[in-house]
Enquirer: 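Here's a structure for you.
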Amino acid sequence: MLDLVKEAQKGNDKAFMALFQKYEQDIYRMAFVYVKNPNDALDVVQETAYRSFKSIKNLKEPKYFKTWLIRISISCSMDLLRKKKKVVYLKPELEGNLSDDINEDIDLEVTVRDLIERLNEDEKSVIILRFYEGLTLKEISKTLNIPLGTAKTILYRALDKLRKNLKGDDFYE
Amino acid sequence: MSNKIKQEMNKIEIPKELSERSKMGVSQAKKEMNKDRKRINVKGIGIAAALLVSVGAFTLFNNDTPDGTTESQEALVVNEDGSVEIPAIQLPEDTSSASMIGLIIYNGKVYTQAATEIDPEDAKAIIGDKLGTTKGTIDEWSKQEAYDEEFASTIGETDVYSVKGYDKDFRIMTYQEQDGKKYAEFYENLNGITINSGEGVFGQLNMVSNVSSAQYRNFSDWDNGIKNYQSVTSMQALNIFLEELNKVKPLPREENSDPIGNSPNRNNEDFRELSINLNDGSLVRLTLLRDGYIYYGFMDVYFEMNEDVFLKMWSQLE
């Protein structure tokens, strides 16, 4: 894979496509959770392909290709959301003093719709990276460029929301 | 849980045209890659980057003009002379999905929570004129009109003052005494401006010849919020560095040109937080990367310094 990245960095589009297609389904599904419909998610994939090929020459460490690509796809999703919906993203100051053992193991009956409807964008990012991409909290904090404590707090909050959703008043949905 | 989310995500159907769309993106990029672009227009990207790097802060941007078109005014623009235009923060019409934190509207401009701190006791000494009292009128359900009001804010009701020694077009301060406790916070206007050099930002912080002490910490201490600071011993190196800061070149942050976002830079070797105590009690926090890059607060630009001067400073941080 590292060879393909190096080839792509020289401008070889076939090498780049070979790389990109390994991840395009992941990117599409992640985008879908943010933008909530197939057409926009496809736009995000196309834009991600466009931006990432244009800038792959600047990628210093080929081994980080995947997380780098994920970052770009999240950016593209956010940009699209902003353009379409004028959503703003404001982050409260987060306290990072949570313990390390966040309970992730409760067997939730989570649906895609819960992820889409219940979580805000930063919560989606952390949940997807943690559970869909299998990244550690440390890797998540690097990918999203946030302090580890903040990543923990967001994960904790997102899990809490998903749990409350089960107990809450929306069970008829 | 982990499997459940993965299973659910995998239920999202993949459209047939997916690969085709990937190819379209790549070929579009390929066509453009040979073109010289004189003017780099990083529409929206800086904003996205700002989101990703928000550390306990926020971005508040809206990419659309009222008529729905996207204009260059929303974009971070690099001019041919090297200056960077940071667009004015545009207030949203729909904030229903937003969680919000500190901002104040003053003189029609948006001031956001600053990366410089002030001890409330010291704040008392540099309180300037009272400018007004904020209204806690902006919340997730606010209409656009709420933002047009002077002193609209997301921080409830508190008094706002100018700050002695600082330009109120750049910095204002909230100050409050309640139940015997004092609260003070700086707010800064770092949008709707053009940055030609470091002076536009660092000059406003009044650091040169005004430092009482300075300390630094490495990446893992910063990352974990551990207050393990080491003192900077050479004030001479620091002062030369601070003078040089006025000359540094601004660079737009975008996801592919934002060294702080590169994982390889986020380690104890390449990353330092430099905290500078000024004589008036304010505490400026800068982030330095070994390659010569400097970040302040949550701006959409970062800065690059002349190597010689930077390395002399860096050697003080090891």
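The chains referred to below are lettered A, B, ... by the order of the sequence lines, with proteins before strands, and numbering in each begins at 1. On a predicted model such as this, the values are computed, not experimentally measured, just so you know.
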Enquirer: Between R71(A) and D258(B), does any side-chain N to carboxylate O distance fall below 4.0 Å?
Expert: no
Enquirer: Which atom names give the shortest non-hydrogen contact between S141(A) and R266(B), and what distance separates them?
Expert: O-NH2, 3.8 Å
Enquirer: Which heavy atom in S19(B) sits nearest to a heavy atom in M17(A), and how many Å separate them?
Expert: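 Looking at all heavy atoms of both residues, the closest pair is O-CE, 4.3 Å.
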Enquirer: What's the separation between atom OG1 in T111(A) and atom CD1 in I5(B), rounded to the nearest 0.5 Å?
Expert: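 Going from the OG1 atom of T111(A) to the CD1 atom of I5(B) covers 10.5 Å.
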Enquirer: Contact between I14(B) and E24(A) at the side-chain level, heavy atoms closer than 4.5 Å - yes or no?
Expert: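 When only atoms from C-beta onward are counted, E24(A) and I14(B) do not touch, as no gap falls below 4.5 Å.
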Enquirer: For E13(B) versus Y28(A), what's the shortest heavy-atom pair and its separation?
Expert: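 Shortest heavy-atom contact: O-CE2, 3.2 Å.
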Enquirer: Taking everything shown except K138(A) itself, do over 12 heavy atoms lie less than 6.0 Å from its NZ?
Expert: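 Incorrect, the count does not exceed 12.
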Enquirer: So which atom in I260(B) and which in N145(A) form the shortest heavy-atom distance, rounded to 0.1 Å?
Expert: O-ND2, 3.4 Å
Enquirer: How long is the gap from CG on N267(B) to NZ on K142(A), to the nearest 0.5 Å?
Expert: 8.0 Å
Enquirer: I need the minimum non-hydrogen distance between E8(B) and V112(A), along with the two atoms involved.
Expert: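 So the minimum-distance heavy-atom pair works out to O-CG2, 3.0 Å.
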Enquirer: For chain B, which of L148(A), L115(A), I128(A) has the most heavy-atom pairs under 4.5 Å?
Expert: L148(A)
Enquirer: By a 4.5 Å heavy-atom criterion (distance strictly below it), what part of E20(B) contacts chain A: side chain, backbone, both, or neither?
Expert: neither
Enquirer: Can you find a heavy atom in the side chain of F131(A) that is under 4.5 Å from one in the side chain of M9(B)?
Expert: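 No; the side chains remain at least 4.5 Å from each other.
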Enquirer: Can you see which heavy atom on S22(B) is nearest to which on A49(A), and at what distance?
Expert: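 Nearest pair, atom of S22(B) first, then A49(A): O-CB, 3.4 Å.
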Enquirer: So, taking the atom named CZ in R21(B) and the one named CG in N39(A), what distance separates them when rounded to the nearest 0.5 Å?
Expert: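 R21(B) atom CZ to N39(A) atom CG measures 7.5 Å (nearest 0.5 Å).
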Enquirer: Do K23(B) and Q21(A) have side chains that approach each other closer than 4.5 Å (heavy atoms only, starting at C-beta)?
Expert: yes
